[in-house]
Structures are given as C-alpha cells and as structure tokens.
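To start, the structure under review is shown below, and the notes come after it.
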Amino acid sequence: MLEVQDVVTSYGMIQALKGVSLAARTGEVTCILGPNGAGKTTLLYTIAGILRPRSGSVRFEGRELAGVPADQVVRRGISLVPENRLVFAHMTVRENLLAGAYARLGRDGGGVKVDLEAMLERFPILRQRAGQAAGTLSGGEQQMLAVARALMARPRLLMMDEPSLGLAPMIVEQIFEIVAALNREGITVLLVEQNARLALSIAHHAYLLEQGRIAFRGTPSEVSANEAISRAYLGIKRG
Amino acid sequence: MSDYFVSLLIRIGIEAFVALSAYLLLLMGRMSFGQQGFFVIGAYAAGLATALYGMPLLPGVALGALVAALGGALFAGPMAAPRGLAFAAGSLAFGELVRVALLDLYFQGQVGPDLIGPAGPDGFRGIRALFTSGVSVTTYAVGIWLALGVTLLATAFFLRSRWGEALRMIGEDEEAAATVGLPVRRVKVSALAGAGGLAGLGGGLFAHYATYVEPGHADVMLGVHSLAYAFIGGLGTPLGPIIGVALDIGFLESFRFLAGYRMIIFGGLVMGLLIVRPRGLLDEVAVHRLSRFLMRGRR
Amino acid sequence: MVDFLQALVDGVMLGATYSLLGLGFTLIFGVLRRLNLAFGPTILVGIYAGSHLSLAWPGALVPVVAVTVAGALLAGVYVERFSFRALARQAPVVSMISTFAVWMQLQELVSLLSPSRTMPYPSPVWLPAVAVGPILLRSDGLLMWSGATLIMLALFALLYRTRFGTTIRAVADSSEAATLMGVNVAMVGAAAFLVASAVGGLAGVLIAQSHQQVTPYFGLWATVKGMTAMLLGGAGSLPGAVVGGLALGVVETQTLWHFGGQWRDLVSYALLFLVVALSPRTRWGSGL
Ligand SMILES: Nc1ncnc2c1ncn2[C@@H]1O[C@H](COP(=O)(O)OP(=O)(O)O)[C@@H](O)[C@H]1O
Ligand SMILES: [Mg+2]
C-alpha cells in the first residue's frame, strides 16, 4: 500500500532521514520503533507532505506522493494522528471532529453526519464532552479525540505518532485495543511507538529506526528474538 | 565640507546611536518600540544639566546618557521578563508614556534674562551649550563620529565577551540559557540599561545640536525606524544598524529629486530587501565571508 | 454620577470602534501569528479614497462607504502579498518590519495624492441626538456603536457559525493540525487577512464620520488603538478584543471627563504598560 524508498529529509544542514526504505502492507499494522531523535516523526511528516524529502520516493497505492502538499495527501486517503495530539484546544469536541472531515465537507455532507454519529457511538466519552472545548479534556480523552478526528477523513492508511506518550498504562491499553479493532475493520496502520512491547503485540511487521536509518526489520517475533534489540527496547535485563 | 553634508553626518551619527540600542535588544530577542523614550530622556536630562545647571557640554551629555541608562535599568524592573509581543507592547506603551508625560512637564528656571527648561508641549528651548562653548558644527560632527566609533568598538568588544555570548543565548533560547547557569536576569538588566544609555547619548547629542527638544521627538516613528535600521543593515554586526541609517538618511536624502517620494522608495527598498535578504544586508553569513576575505587580504 | 454615566456611555460608543480595530488585529495575528503594523495605514488608504470620492460627489454616502472599504481591501491585498505571503518562510519579526516599510509607503502615498493634509469625511449630521434622561447620545456616537455592534455580530456569526469561520479558528488554534486535516493554511491566512481588512475599512468609516476629517496620522493612531485593544484582551482571543476595545474606550472617556484631555492618553498607555508588567509570562507571540 505504502512504499518508502531511500527517503532523505533534512532540516537545513542536518539530515534527519538518511535514506529510509520501508513498506506498509494493506490490512496490516506496521510498527516503527526507535529512540528519541531517531527521525520517526520526521518520517511520518515526510509521508504526510508537511516535510519535503530531498530525494527518494514515497508511493501510496501506486502513485507518487513525494512533493504532494500536505492538504492534498489527506485527500489521497492518509491521515496522521500527530505526536502530542494537537487537538484544536479552543474549539469544541464536535467542531474538532468536523474539522477532521474538512476534506470531505463540501462533497459528502451527508456522509460526514453519519460518521460523526458513528464516532460519538464508538467513543462514548466524546459524546459526553461534545460541546466542551477540547483543551479541557484529559490527556487520554484528547488522544481519543485525535484518533476520532483522523478517522473522520475516512483514511485507508492511519498513521499514529507515539499515541501512548504521557498517558496512564490503563489508558494506553485502551488506545491500543482501539487501534487493533480499527485494523480488524480493514484500516492499514503505520504506528510509531516507544512502548515497544505493546506495539509489537498488535503489529504484523516492525522496523527499527536509529539515527535516520533503518537498523532492523522483521516480524514481532524476530524482533523479540534479537537479543540486542530486546535488551535495548523491551527492557529485558542482561542475562 | 558643505553645511548640508555636515548636517547629514550629524543626523546619521545621532540616529545610529538609537539604531544601535535597538540592535542590542534585538540580539537579546526583544523588539523595542520604545527606544525613542530613552532618546528624549537623555536629551532632556543633558539639556537640563547644561542649560539650567551650567554644566559643560561633555559632562552634560554624558550625564544625560547616564540618566537614560538608569531609566533603562528601572525599565528592566517590570520589563526584563516579558518577551515577544508582550515586550513590544510594553516598550511601545513606555515610549508613548514618556512622550505624553513630557507634554505635562514644566520645570523652568531663570538663567540670565531667560526662563529656561521644559515647558510642556512647547518643549525645552535654549539648549545652547554647543554654541556658547565655541565648538564649531564641523568639530561637533567629528566628535559625534569619534564617539560613535568608540561606541562601536566597545559594543563589538562586549559582544565578543562572555556577556555577549550570554546575550545572544538569551535571544535564542532563554530557558536553555538559564539552565546552563547564565546570570540571565543580570545580563538582561545590563542590556536594557546599556540600550537606554546608547539611545540617551544620541538624545543628548541631538538636543545640543538642535538647541531644543520637544515631546514630539519621542514619536514612535523614531523607535520603529531604529528597529528597521538594525534589520536593513543586518544582524550580523554592530555596523549593520549604522549602514541602515546611512542608507536611509545619507543615500536617499542626497537624491533631492526624490524628496516627495522618499518614503515610498525607502519603504519599497526595505520591503524588497527583506524578501531577498531576510536577515539584512550584512547577515551572519555575509559577515563571516567578509571577515575571511579580509583576513586573507592581511596575509 | 451623571458625569460618570455620560462618560461611560460615550466610552462604550467610542470603544466599540476600538473593538473593531482590535478584532482586525486579532484575526491577522491569531491566524498568521504575525503582527501587521500596517493595519492602521491600510484603513487610512480606504478613508482617503472615500474622502476623495465625497469631494467629487457630495452627498453620496453609500458609494463613499463602499469605496472606503474597497480601498482598505486593496491596500490589505498589497500588504498580504508582500509582507506576509512573500515572507511566510521567514521569522515573524521579518514580516513585522516589512509591514512597517509598507506603512511608510502608504502614508506617503495618501499625502502625495491629497490636496491638503487634513481631508474632510462626510457624516450623516442630520441625524438627531437622542436624550435618555440626563444622558445625551450624540448621533455620531450612536452610529459608531450601532454600526460596530452590527459588524461584530456579523463577524462572530461568520467565525462561529460557518464552515469558513470554523476553518479560520482551526488554523488560529493549530495551523499544523489544520494542515493535517487538509486545510490549505496559506489560503485561509490570505482570506482571514481580507476579512480583517474589510472589518478595518468599516471601522474606518465609523471613526472618520465621527471625526468628520482625517490626517495621515490616522494610520499610526488606528494601529496603536487596535494593538492596545488586542493586547488588553489577551492577544489572540476574539471576545477578548471586544472587551479590550470597550475597556480602552471607557478608560479614555472617563479620564477625559474627570481629569482633562492631557491625561487621556497617559492613562490608556499606563493601562497597557501595567497589563504587560503584571502578566509578563503571557506567551504573546513568543516566537517573536
Ligand atoms: N524542526 C526541526 N529543526 C531542526 N531539527 C529538527 C527539527 N525537528 C527534528 N529535528 C531533528 O531531527 C532529528 C529527528 O527528530 P524526530 O523526527 O523528531 O525524532 P523522533 O520523532 O524519532 O524522536 C533529531 O535529531 C531532531 O533534533
Ligand atoms: Mg517524535
């Protein structure tokens, strides 16, 4: 579904991605692990069109995506749940959800209404808070809202940047259950996480990104089998 | 030298002090719309010292600068913390407060046959120390430029010192500067005082050249111009602001046929320049290249 | 007591136009995170255009209003194009300096094109003043207040009740997230700029009809009033700008009544300074 080939992305003189290649297969959860500063957010932003790659290609459903502006990428069927959620704090929960459907509002007003109802059904907490400013929500609620908002665009590929950041373990598990459920419903997921154990539990494929390069790729069990990686990322104590 | 040329030199020199003071604060990440306030504080104080209390010219001007620097230090009390738009707004309010307050300042004394001193909206007339001291205008112009040269050298020296390092670091990231243990508050207060002093020095020099100052000289336009000068010339070197002033007053003023359109042309130049060189003519990269080139020349 | 009430009423009527100026500033600052110093001067262009038309065609009120707003819009497009869009990738402060350059251009332009510094502006002087008990409501003040209130209602309806308005607020809230939703942030910014310029033009009409004349200093005056209204309201909040403008108007007229004209500006600047000094941690445009 998504193929990233030799992508190089820089901030000024600093190369954050030094030739990254990966693929996300239709219907799967693909997970990207890696330490802080590895370039995970940069990779997602490059795919989303907010950053332009210096070189390399990003193909989605067979069409080139590199160089397509961000507001058009959404219309191609890719949504990103950004790091730190970035909900519209001064707008109500309902307005946030409608904003998520921005790309469809003109063409598919009826569909948006149906989806809005479906989101409030799936996330009952959002229905309770529908008229409230999003900034007043708790961290977990904001994360739910960010996911629901992204879904309002009806993406075929959902990208998530560290959804567990700063949330209590119980909430994190809830979020991951939702991601797994969405995936079973047919949405392809590209998941960036530092919580490797949980991410691997729902992933079909995993990549390890270190200092702007893919350092390892494999199935979750291959990752767990690799001693160096599990020591560094799964917190397994030395022998 | 023609009188006209000398007067141009003096105007450039005086404005350069105010532009330099705005530049110093820009390095610290603060845009000030209020340096004109310190300019007139220096002008009034220097005028009072010489005209009312009979001080000689040089100590009088120096005292004016000192009073303005003190004003800057006091200003730092509430204004060291705010930054961004808050600082811009606070400095604007301060500049206007000074102007409006001067409209109501009456403080006159009998000097010989005349009443001398600030007289509200009529301003402060009869600051004649330059002319009674027998210094020619040309000498005065040379003196201003000497003072400017010394100030520039001193500024360059300070900017290279650890103080300058700290100043720039505060401009980049104040939290980080505090975390690595820099005396952030002390640096900010001293920079605000120094900037006040520089503008006040310009004010004292101006008052004695014009023989009067009035509240209108604290027009916001002076502050905003100074800020723009610092930007046009470039943020890479203290010479930048002076180049900005020279470009506006010197270059454009000398094309007299442009007289009616000067603002339109100058405004257009600045606008275009910012699109091509957003950090001014002499930005950091240009300064770096230039100094490498000069070093090579020396060998 | 009657003095106090009279000054209060006058202040609210005057302050309503300050609120409009503050709203224009807030729209631009909120969406683009950049300060438009040339906001007052763009309105100045509109007022001068309207004044020229009224000289050539006396009695034509509606066309004068239309030309005033059109002039402000045209100048706004110029500012947006060269000081904002062309500098979108630069630090916000670069835009601000650029708007100052445009300011000088616009101010000189209107001076050059006008026969005298002070230009007349038409006012519907035939409207009667209204007396409510001991309080006198002057017609120009009533016009300022009712006009400004109508414009504000329309603007708030636009911003809070339409999809376009929601998009503007979304960009103001987080332009990054808005981009991720598929919003073309640059286009929304330009649109918000035009809305602000139109609001500014209308505010210009209301203020100029009250002054019945205009000088090139109007640009500076309007920029300072609008910025103060925005900052008093907390910079970035639309309802805040309304409150800030009203507060500024009331403080000005109360000081005028009780202490005299020379204190009016002193008190309003002292107010602004105090707001900054007492809330230094406000992250107003902390990006600089
Ligand atoms: N806006 C930026 N400007 C400059 N460098 C950046 C910027 N954002 C990220 N970087 C750098 O790029 C690298 C990758 O960052 P990022 O993609 O955020 O990593 P991750 O999401 O894996 O923690 C880091 O070294 C970071 O310092
Ligand atoms: Mg990240």
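Nothing here was measured: the structure is a model prediction, and the numbers come from that model. Residue numbers start from 1 in every chain, and the chains themselves are labelled A, B, ... in the order their sequence lines are given, proteins ahead of strands.
- Remark: C:M187 CE is loosely packed, at most 12 non-hydrogen atoms of other residues, nucleotides or ligands lying under 6.0 Å away.
- Taken from CZ in C:R81 to CE in B:M271, the straight-line distance is 9.5 Å, to the nearest 0.5 Å.
- Heavy-atom pairs under 4.5 Å with chain C were tallied for B:L269, B:V220, B:I275; the largest tally goes to B:I275.
- The line from CG of B:L85 to CZ of C:R33 is 10.0 Å long, rounded to the nearest 0.5 Å.
- Closest of all the heavy-atom pairs between C:L112 and B:Y261 is CD1-CD2, 3.6 Å.
- With a 4.5 angstrom heavy-atom cutoff, B:F94 touches chain C via backbone and side-chain atoms both.
- Neither the backbone nor the side chain of B:Y229 has a heavy atom closer than 4.5 Å to any heavy atom of chain C.
- Dense packing is recorded around CH2 of C:W221, with more than 12 heavy atoms of other residues, nucleotides or ligands lying under 6.0 Å away.
- Applying the 6.0 Å contact sphere to CZ of B:R168 captures more than 12 heavy atoms from other residues, nucleotides or ligands.
- Taking all atoms of both residues into account, the shortest heavy-atom contact from C:Y269 to B:A93 is O-CB, 3.6 Å.
- Within the 4.5 angstrom heavy-atom criterion, no atom of B:L103 approaches chain C.
- Using a 4.5 Å cut-off between heavy atoms, B:L92 contacts chain C through its side chain alone, with no backbone atom that close.
- Counting heavy-atom neighbours within 6.0 Å of B:E172 CD, excluding the residue itself, gives a total of 12 or less.
- With chain C as partner, the option from B:H225, B:R99, B:M79 having the largest number of non-hydrogen pairs under 4.5 angstrom is B:H225.
- Chain B forms the most heavy-atom pairs under 4.5 Å with one residue out of C:R89, C:M227, C:M96, and that residue is C:M96.
- Across all non-hydrogen atoms, the minimal contact from C:A277 to B:P78 is CB-CB, 3.5 Å.
- Interface residue C:L35: only side-chain heavy atoms are found under 4.5 Å from chain B.
- Shortest non-hydrogen contact noted between C:L266 and B:A101 is CD1-N, 3.9 Å.
- To the nearest 0.5 Å, atoms CE (B:M221) and CH2 (C:W103) are separated by 4.0 Å.
- At a 4.5 Å heavy-atom cutoff, the contact between C:I97 and chain B is made by backbone and side-chain atoms alike.
- From C:L220, atom CG reaches atom CG of B:D219 across 6.5 Å, with rounding to the nearest 0.5 Å.
- The closest side-chain heavy-atom distance from C:Q90 to B:L274 is not below 4.5 Å.
- Contact of C:L37 with chain B is made through the side chain alone, with heavy-atom distances under 4.5 Å.
- Taking the side chain as every heavy atom from C-beta outward, B:L227 and C:F100 never approach each other to under 4.5 Å.
- Contact record, C:V276 with B:A89: CG2-CB, 4.2 Å, taken as the closest heavy-atom pair.
- Between B:L97 and C:A270, the shortest heavy-atom contact is CD2-N, 3.7 Å.
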